[in-house]
**Q** 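Starting off with a structure, shown below.
Being a predicted model, the structure only gives us computed values, none of them experimental.
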Amino acid sequence: MMFENKNYIQQSEKLAKRYENDRQHYFALDEFIAISDYYVLNKNYKNALEVNSTAEIFYPSSFELKAIKADLYIRNNEFEKAEEVIKKIECNSETIPDIHILKGEICIKKNQYKSAEKQFDKAIKLSDDKDYALEIICDFLMMAHQIQLAKKYLELAQKIIPSANYDLMYWLAKCYEYESEYGKAANIYEKMTAIDPFDENVWDDLGDVYMLMSEYKNAIKAFDFRLAISNENANETLINKAECLSMLKKNNEAIKIYNKILDFEKENIDAMFGIAKCYEREGIYGIAERIYFDIVSQDPDYKDAYYSLATIYAQKNEFKTAEQFMQKTLDDAEIIPAFLIQMSKILLQQNKITEAKQTMEKFIYNDSCKHDYRTWLLYAEIIAIDDIEKAIDILETKYNESFYSIAEICYHLAYYNFIIGNISKCSAYVECGLEINPNMMTAFFELCPEVMLNEQIMSIYFAFKTKK
């Protein structure tokens, strides 16, 4: 599979439309693969497999198509079918690296991470095209939300591949973003702008990361570089720049940018929302509310406006009204984790513990939430009110899934184990947390200040500091 290069996606989509409209059209092998990739990016494995089968009619001797078919079966959790295909191509010496990759993918799906690493390591060692092998491995790991493992191989790529691979650099930056290592992500994006100073998308990404770091002046510089390259399709960049100005308390300058957007596009609701947010930050809630209500009257599905209204009413301690607005953000299947967290917090502020728990359990297994560590930390916190050991079980399950931002999970597991007196487990999770992100130890002390009186745990902390 290919990385989410925008040009490649656009080309793949065009080919897919042509395929859907005219099955008799002749497609080259790489075009069939691109069509299949398009469906994979949309997680439509059934269509991808159909395209693959059609391609095999025209290219029956292609081992590449057979390897792709096995990969598609794995992504669709059809392991037996994948293993049947793997057996058929194992005899071909050219596909040995692919075989190891496919076997590693199956191990990932079965949560056998050490075995997966062994297979991936063999594939990289045996592959003549290490760029390609690493792209395939990391593409799968990213789609499987195995960010920690993807990061390992992407960092390896920076060491063993002689020339810079732009795609691999981009995805390493994304891994750092997922793990809240924004400084490292910014460093990668800076290097990418040196390689291609005219890549407007990377300037946007760099600006976004600086926003996440609250380095708004640097973010504005990045957005200005992007705007210098091209003013076309730049509304999102302008809105982000205005947001940075607002965060720097330059709300009048921000509003001027939003109004310029509205001069050309009178119904740009994102610009309207930005203006309302400026007034909200100035404490002029009446005007902010009126604009938010205007937004939802024009677009009843604009959830950010409901979220902001809920925030305003929560600040007024009018939690019942805030709850009503938050309910409108949770009315369909596409749930934003931040909204679920806010709704649960508003319920907890009203001491509606059972309702908060039920709300969490209704949405927490949705695709958008199941890999969001903040959602799971709050859910565990709610469970821990009545059952700390169950909260531990919940977080250990997520820990064993090896998903991203795992350091916070480690420290919270350490905290809960400390509360129940399991010092050995607490110590183990502290050690794990220190290895992943030692900077979060300060937050752990704030969460559990009494741990600073525990000699065993503090000795682990001081030994780590000395070692570093």
**Q** Could you tell me whether a side-chain N or O of N437 sits under 3.5 Å from a main-chain N or O of G433, the two making a donor and an acceptor?
**A** no

**Q** Would you be so kind as to tabulate the donor-acceptor pairs closer than 3.5 Å made by side chains of residues 210-221, with sequence neighbours excluded?
**A**
from, atom 1, to, atom 2, distance (Å)
Y210, OH, E190, OE2, 2.9
E215, OE1, N218, ND2, 2.8

**Q** Does E78 offer a backbone N or O that forms a donor-acceptor pair with the side chain of N76 under 3.5 Å?
**A** no

**Q** Compare every heavy atom of M143 with every heavy atom of V40, then report the nearest pair and how far apart it is.
**A** O-CE, 3.6 Å

**Q** Between E83 and Y73, is there a side-chain donor-acceptor contact under 3.5 Å, judged purely by atom types and distance?
**A** no

**Q** Within a strict 4.5 Å, meaning less than it, do heavy atoms of the K152 and E117 side chains meet?
**A** yes

**Q** Distance check, rounded to the nearest 0.5 Å: S308 atom OG versus Y285 atom OH?
**A** 11.5 Å

**Q** Do V430 and F464 make a side-chain contact, defined as non-hydrogen atoms from C-beta onward lying under 4.5 Å apart?
**A** no

**Q** With the side chain counted from C-beta on, respond yes when T397 and W376 share a heavy-atom pair under 4.5 Å apart, and no when they do not.
**A** no

**Q** Before accepting this row, confirm whether a basic side-chain N of the pair K174/E177 lies closer than 4.0 Å to the acidic partner's carboxylate O.
**A** yes

**Q** For S368, is there any backbone N or O sitting under 3.5 Å from a side-chain donor or acceptor partner on N366?
**A** no

**Q** Of Y415, Y411, Y416, which is the lone residue that meets ring pair (Phe, Tyr, Trp, His ring centres under 6.0 Å) with F444?
**A** Y411

**Q** Can you run down the salt bridge (charged side-chain N to carboxylate O under 4.0 Å, His left out) pairs that involve residues 380-391, sequence neighbours left out, and say none if there aren't any?
**A** none

**Q** Can you list, pair by pair, the side-chain donor-acceptor contacts under 3.5 Å of residues 289-301, counting residues two or more places apart and other chains?
**A**
from, atom 1, to, atom 2, distance (Å)
E289, OE1, Y313, OH, 2.8
E289, OE2, K316, NZ, 3.0
Y292, OH, E280, OE1, 2.6
D294, OD1, Q298, NE2, 3.4
S297, OG, D294, O, 2.6
D299, OD1, D301, N, 3.0

**Q** Kindly write out the residues that satisfy side-chain contact (heavy atoms from CB on, under 4.5 Å) with E236, not counting sequence neighbours, or none if the list is empty.
**A** N240

**Q** Is it the case that the side chains of Q11 and Y38 hold a donor-acceptor pair, with the cut-off being a distance below 3.5 Å and no angle test?
**A** no

**Q** Side chain of S246, backbone of A242: donor and acceptor closer than 3.5 Å?
**A** no

**Q** Taking the side chain as every heavy atom from C-beta outward, state whether L347 and K357 have any atom pair closer than 4.5 Å.
**A** no

**Q** I'd like to know if the side chain of T329 and the backbone of K303 have a donor-acceptor N/O pair within less than 3.5 Å.
**A** no

**Q** Do other residues, nucleotides or ligands put more than 12 heavy atoms under 6.0 Å from the CD atom of E450?
**A** yes

**Q** Kindly determine whether D121 and Y153 satisfy side-chain hydrogen bond (donor to acceptor under 3.5 Å, both in side chains), including the steps that lead there.
**A** CA-CA 9 Å; D121 290 346; Y153 287 107; 2.9 Å; yes

**Q** Is any side-chain heavy atom of K184 less than 4.5 Å from a side-chain heavy atom of E179?
**A** no

**Q** What distance do N251 atom CG and L245 atom CG have between them, rounded to the nearest 0.5 Å?
**A** 9.0 Å

**Q** Quick one: does Y306's side chain get under 4.5 Å of M326's, heavy atoms only?
**A** no

**Q** Does the D199 side chain pair with the main chain of N201, one donor and one acceptor, at a distance under 3.5 Å?
**A** yes

**Q** Can you list, pair by pair, the side-chain donor-acceptor contacts under 3.5 Å of residues 223-230, counting residues two or more places apart and other chains?
**A**
from, atom 1, to, atom 2, distance (Å)
D224, OD1, K241, NZ, 2.8
R226, NE, D204, OD2, 3.2
R226, NE, T237, OG1, 2.9
R226, NH1, S230, O, 2.8
R226, NH2, E200, OE2, 3.3
R226, NH2, E232, O, 3.4
R226, NH2, N233, O, 3.3
S230, OG, E232, N, 3.1

**Q** Does any pair with a residue in residues 249-272 pass ring-ring contact (aromatic ring centres under 6.0 Å, His included), and if so which ones, sequence neighbours excluded?
**A** none

**Q** Strictly below 4.0 Å, N to O, side chains only: are K249 and E282 in salt-bridge contact?
**A** no

**Q** Nearest 0.5 Å, please: how far is NE2 in H145 from CG in D372?
**A** 11.0 Å

**Q** More than 12 heavy atoms of other residues, nucleotides or ligands under 6.0 Å from NZ of K352: yes or no?
**A** yes

**Q** Heavy-atom distance under 4.5 Å between the side chains of Y373 and Y399, does that happen here?
**A** no

**Q** Using 30° and 60° as the class limits, which term best fits the ring planes of Y302 and F273: parallel, tilted or perpendicular?
**A** tilted

**Q** Might you work through the salt bridge (charged side-chain N to carboxylate O under 4.0 Å, His left out) test for R374 and E408, ending with a clear yes or no?
**A** CA-CA 9 Å; R374 293 179 183 89; E408 291 90 337; 5.5 Å; no

**Q** Checking side chain to side chain contact (heavy atoms under 4.5 Å, CB included) for the pair V202/D196: CA distance, chi angles, key distance, verdict?
**A** CA-CA 9 Å; V202 172; D196 182 0; over 6 Å; no

**Q** First locate atom CD1 of I392, then atom CG of N417, and finally report the distance between them rounded to the nearest 0.5 Å.
**A** 4.0 Å

**Q** Going by an N to O cut-off under 4.0 Å, is there a salt bridge joining E243 and K277?
**A** no

**Q** Is there a side-chain contact between L447 and H412 (heavy atoms, below 4.5 Å)?
**A** yes

**Q** Any chance OH of Y279 has more than 12 other-residue heavy atoms, nucleotides or ligands included, within less than 6.0 Å?
**A** no

**Q** Using the salt bridge (charged side-chain N to carboxylate O under 4.0 Å, His left out) rule, take K425 and E396 through it: C-alpha gap first, then chi angles, then the decisive distance, then the call.
**A** CA-CA 11 Å; K425 267 201 167 184; E396 282 187 338; 2.9 Å; yes

**Q** Whether the Y176 and E155 side chains hold a donor-acceptor pair (N or O, under 3.5 Å, no angle test) is what I'd like checked.
**A** yes

**Q** For K109, I'd like to know if atom NZ has over 12 heavy atoms of other residues, nucleotides or ligands within 6.0 Å.
**A** yes

**Q** Can we say R75 and D139 salt-bridge, meaning some charged N sits less than 4.0 Å from an Asp/Glu carboxylate O?
**A** yes

**Q** Would you find a donor on one side and an acceptor on the other, under 3.5 Å apart, between the side chain of Q350 and the backbone of I346?
**A** yes

**Q** Less than 3.5 Å apart, any donor N or O on the side chain of D71 or Y45 sitting next to an acceptor on the other?
**A** no

**Q** Evaluate side chain to side chain contact (heavy atoms under 4.5 Å, CB included) for E323 paired with Q349, printing each intermediate quantity in order.
**A** CA-CA 10 Å; E323 180 186 336; Q349 284 170 319; over 6 Å; no

**Q** Give the C-alpha distance, both sets of side-chain angles, the deciding distance and a yes or no for side chain to side chain contact (heavy atoms under 4.5 Å, CB included) between L378 and M360.
**A** CA-CA 9 Å; L378 180 58; M360 276 283 187; 3.3 Å; yes

**Q** Can you tell me how far CD of E50 sits from CG of L72, rounded to the nearest 0.5 angstrom?
**A** 12.0 Å

**Q** Got a second to check how far I33's CD1 is from N52's CG, nearest 0.5 Å?
**A** 8.5 Å

**Q** Tell me the closest heavy-atom pair linking S427 and I460, and the distance in Å.
**A** CB-CD1, 3.4 Å

